[in-house]
Amino acid sequence: MRRVTAVALDLAAELRGRGISGVDDSTLARALYSSDASLYRVVPQVVVKPRHTDELLAVHDASRALGVPVTLRGAGTSIAGNAVGPGIVVDTRLLGTVLEIDPEARTARVEPGLVHADLQRAAAPYGLRFGPDPSTHPRCTIGGMIGNNACGSRALGYGRTVDNIEALTVVWGTGEVATYDASAPSGQAAGALLGIADADLAHLRTEFGRFGRQVSGYSLEHLLPEKGRRIDRFLAGTEGTLATVLEATVRLVADEPGRLLLVLGYPTMHEAADAVPALLAAVPGRLIACEGMDARIVELVRARGGAVPDLPRGGGWLMAEVAGPDAPDLVERLRAAGGALDERLVADTAEAATLWRIREDGAGLAGRSLPTPAHSGWEDAAVPPEHLGAWLRDFDDILAGHGLQGVPYGHFGDGCIHCRIDFPFAAGDPASAQVFREFMTACAHRLRDYGGSLSGEHGDGRVRSELLPLMYDEHSIALFGAVKDVGDPDGLMNPGNIVDPASITSDLRPVRPRATVRSALRLVHDDGDLGAAVHRCTGVGKCVAPHTNGVMCPSYLATGHEKDATRGRARVLQEALDGELVHGLADPAVHEALDLCLSCKGCASDCPTGIDMATYKAEVLHQTYSGRPFGWGRPRSHYLLGRLPFWARLGAPFARLTNAMLRLGPLARLAKWAAGIDQRRSVPRFAPVTLKRSATVASLATGTPDVWIWADSFTDHFFTQSGRAAIGYLEAQGLTVRVISDRACCGLTWITTGQLDAARSIMDRTVRTLAPYVASGVPVVGLEPSCLATLRSDSVELSALPEARTVASGMLTFAELVTRLDLPLPDLSGVEVVAQPHCHQHAVLGWAADQRLLERAGASVTKVAGCCGLAGNFGVEQGHYEVSVAVAETHLLPAVRSHPDAVVLADGMSCRVQLDDLAHVPTMHLAELFASRL
């Protein structure tokens, strides 16, 4: 086979000249697509985002004509390294149309870039669904699932992707375009492949398709006469090394009602694995899913403050799902066969969904469950289920023998185990990958003894292809080569995978040199190491889901661009610290990637790997501008909006005059220009009397009060009504309330604009001021969520003072105070509430206490997901207006429009300003709502 290395040419111009749109060879694009969710980094020459199938064909034509390799990529969630390549990387997500749903035939005809969850949404009105559901189903594409024969939790009941393919239209590496289904295949490639199969029928029958999760290599069993000579199904799992899917017809299944989830607890994961064969035998063919989950993953969720339903006793669990009218009987049979230490039937759909969400986040959570960083790589080997317990014990022995640790979980009913492992990779030391190689090799040898498969569902990619000769004999490997010659004789289709593999230790990201950056923030979760912080991102891509019920990632939801996702930004920062492609944190590519980050902190809670892009952005802005004279180059908005509390305090005595002047058109336009504010934005009115002054005038109380209210800058100078309402409500309960009169700003605006030296000084002064109040035992309440969240989280990142932890742990939200004191609630019966929790409250403080109070008071509550889109200075800055509005349109504005008579609850100033600007609806703080019902 011929292997062609791309020659130096203006590849982007060549592609554009062929009528291909979405061509990008910028440093930013190449950095974004240099990695997937694996350990590997391969920088492409160019990234293409085709909008039509004709453009995809033109890409392949250019690849053959120019001798440039092409790699297809869906959501980039590959953990085997099969979505990175050195030539043209094709992002298929714009080819995401459902072409047809046939409810009678129970099929769907789709484009390859269609997101799995979007197919489910399209099929749901017919009571149908696509059976396989990988943990990445909110963002993975159908083409990507076909490429690596994805399976997921419910493949046990509904089959693998290959089992659900009815037809494929593909373009081979030779340029031949063909459609294959259950009918007799025709064409040059089909004839050659069937000839290879017919010459070796006995070998194919004994070596391939031995058990369901044998998906490594090429699945030649589908070419057998008794398998229907299914070229379409043979192509599943070929990882884009032979052909590219242009269109797929997939089978749909009935979405069975009456799902029940039985959770069985065992002392260890080994005992859980031992129980699997008995469960399979107890309800033959009726288990939809049988998943294994380690207790350490659940404990990590609890430690982060996440909700976890009650689980039975045990160190490991099996999650067994059944459905249908006889589901209760099936549950009883599973209980009898399981031999569990303890058990619990989870019939509540919300609780079951929470458990499945934890399981789906397994890869990211497992990567954080050990004292040292855990990596992908080994990931998902499988054995016949009857050997699972023995294999898992051997696996633990191999781990221990190499001085490694890992937290196993996975599709136990299919004999498939996932695990993130703390391989001792060291930045700048390629030799540190040797343990990784030795461990992988040892596992491959032991898997062969069990008749297992190196890959259980994620494909071979760069991480396993070199090891295939340890799983298959020489003749099988030769057959793979013969097949490659048929489909891709020039070796341009996803080179380095399956045939002529790349070395398992070449192109490893964790051993690349990494710059040491002395961070201004303490980065307490990463020992002050910005490199370690940004490398938390493993690429699992939860942030690139086109629909979400959380906050992350609002800018990606608005634009759909990889650069505007948390993952994309993390990848660019990783490249900046590696320094080869992106040259340091001041590189324009870094700032282009960070420009549309709203600093919402949604990723800090929603990202399973713990990325906090708002913090990293603040650090990057600090690193970029702090060394320049007078901060040269900073946007104007940093000096005005970024120091808003300072200007508000200086201007407080002149608030009425300022408000009057800003009502004059020419002066307002000039002021907005000077502040870097978009002219379409309003300017919030300054309070004529600050909260501190009004509270001092209104109250002559002396001595120690029952409650202290911290007057943050926004409540003090802009939304004083929140503070007055809180005082009124609390005093109506017989409490003595006083406002802390000392100056105590959290420094939020300085932090978000990267003015960290000033922010640290402000924060040190504030924590020294507030610590005695908190330590006194009298509750201290903050009313602006963003400011209170800053004290809860950013205070310990900025300040090394011990008082910072006192303040961080001691400040309360209004809802937390009402809950702690068990105060009487107003009657909100019949009141409809649409609530927009502030992003920082979602990420740092939590909104559960607020929701409980509202529901206890009798209100009907609609909690809005996502970000409001204003996010402090972001949404008012020039250049951000369109994205800010688009973010608001993802969740907030539709919710408000669909509930025109509801009370709109928004505690945060940003949310209130956004709603006033875009929806022109009145808003209330929770304290205002309670006070209004006294």
Side-chain angles (χ1 to χ4, degrees), residues 156 210-214 216 263-282 287 290-299 312-320 337-342 359 362-363 366-367 369-372 374-423 435-458 464 467 470-471:
L156 189 62
R210 294 190 303 267
F211 73 106
R213 288 298 180 106
Q214 183 187 346
S216 277
V263 183
L264 302 162
Y266 298 88
T268 68
M269 293 299 287
H270 302 142
E271 281 90 344
D274 290 337
V276 167
L279 295 179
L280 295 173
L287 269 174
C290 182
E291 297 292 287
M293 186 164 63
D294 194 285
R296 286 170 288 182
I297 291 175
V298 172
E299 288 309 314
R313 289 176 294 122
W317 297 285
L318 290 179
M319 299 167 60
L341 179 70
D342 195 9
R359 167 58 192 86
S369 58
L370 300 174
T372 50
H375 302 274
S376 61
W378 180 84
E379 199 58 49
D380 68 322
V383 297
E386 62 267 24
H387 300 312
L388 184 61
W391 157 240
L392 189 52
R393 289 176 175 85
D394 285 351
F395 177 69
D396 278 355
D397 289 343
I398 297 171
L399 280 171
H402 289 81
L404 301 173
Q405 299 181 77
V407 178
Y409 63 100
H411 314 300
F412 277 29
D414 287 304
C416 182
I417 297 174
H418 296 302
C419 189
R420 291 289 162 109
I421 299 171
D422 60 346
F423 298 114
V435 173
F436 170 60
R437 171 181 285 280
E438 292 172 355
F439 173 83
M440 294 290 291
T441 303
C443 283
H445 281 291
R446 194 71 187 99
L447 280 164
R448 181 177 59 191
D449 297 339
Y450 285 110
S453 180
L454 294 173
S455 171
E457 67 175 333
H458 289 296
R464 283 183 280 265
L467 301 175
L470 299 180
M471 175 179 168

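- Contacts of R210 classified as side chain to side chain donor-acceptor pair (under 3.5 Å), with partners at least two apart in sequence or in another chain: none.
- With sequence neighbours excluded, no residue forms a salt bridge (charged side-chain N to carboxylate O under 4.0 Å, His left out) with D396.
- In this structure, NE2 on H411 lies 5.5 Å from CD on E291, to the nearest 0.5 angstrom.
- Using a 4.5 Å heavy-atom threshold, the side chains of S455 and R464 count as touching.
- Residues A275 and G338 share a closest heavy-atom pair of CB-O, 3.7 Å.
- Remark: side-chain polar atoms of D294 are not paired, donor with acceptor, to backbone N or O of V407 under 3.5 angstrom.
- Taking the side chain as every heavy atom from C-beta outward, I417 and D380 never approach each other to under 4.5 Å.
- Close placement of the F395 and W378 rings is indicated, their centers lying within 6.0 Å of each other.
- Checked against side chain to side chain donor-acceptor pair (under 3.5 Å), E386 has no partners two or more places apart in sequence or in another chain.
- Aromatic ring orientation, H458 versus H418: tilted (interplanar angle from 30° to 60°).
- A donor-acceptor pair under 3.5 Å links the side-chain atoms of R448 to the main chain of L470, judged by distance alone.
- In terms of heavy-atom proximity, G451 sits nearest to F211 at O-CE2, 3.3 Å.
- Residues L264 and W317 are not in side-chain contact: their nearest non-hydrogen atoms beyond the backbone lie 4.5 Å or more apart.
- For the atom pair CG of D394 and CG of L399, the computed distance is 11.0 Å after rounding to the nearest 0.5 Å.
- For D274 and Y266, the side-chain atoms include no donor-acceptor pair closer than 3.5 Å.
- Of all heavy-atom pairs between A295 and G314, the closest is CB-O, 4.1 Å.
- Identified under the salt bridge (Lys or Arg N to Asp or Glu O under 4.0 Å) test for residues 400-411, with sequence neighbours left out: none.
- Going from atom CG of L156 over to atom SG of C290 covers 7.0 Å, rounded to the nearest 0.5 Å.
- By the side chain to side chain donor-acceptor pair (under 3.5 Å) test, E438 is found to be paired with Q434, residues two or more places apart in sequence or in another chain being considered.
- The shortest side-chain heavy-atom distance between V263 and L318 does not fall under the 4.5 Å cut-off.
- Separation of atoms SG (C443) and CH2 (W391) is listed at 4.5 Å; rounding is to 0.5 Å.
- Between P312 and G265, the shortest heavy-atom contact is CG-N, 3.8 Å.
- In this structure the side chain of F412 never reaches within 4.5 angstrom of the side chain of P385, judged on heavy atoms.
- Partners of D449 under the side chain to side chain donor-acceptor pair (under 3.5 Å) rule, at least two apart in sequence or in another chain, are R446.
- In this structure, CE in M269 is found 9.0 Å from CG in L388, a value given to the nearest 0.5 Å.
- Between M471 and H445, the closest side-chain pair of non-hydrogen atoms is not below 4.5 Å.
- Contact check for L392 versus P408: side-chain heavy atoms found under the 4.5 Å cut-off.
- Atoms CZ and CZ, on F436 and F423 in that order, are 5.5 Å from each other to the nearest 0.5 Å.
- For D414 (side chain) and C416 (main-chain N/O), no donor-acceptor pair under 3.5 Å exists by modelled atom type.
- Below 30°, between 30° and 60°, or above 60°: for F439 and H402 the angle between ring planes is above 60°, a perpendicular geometry.
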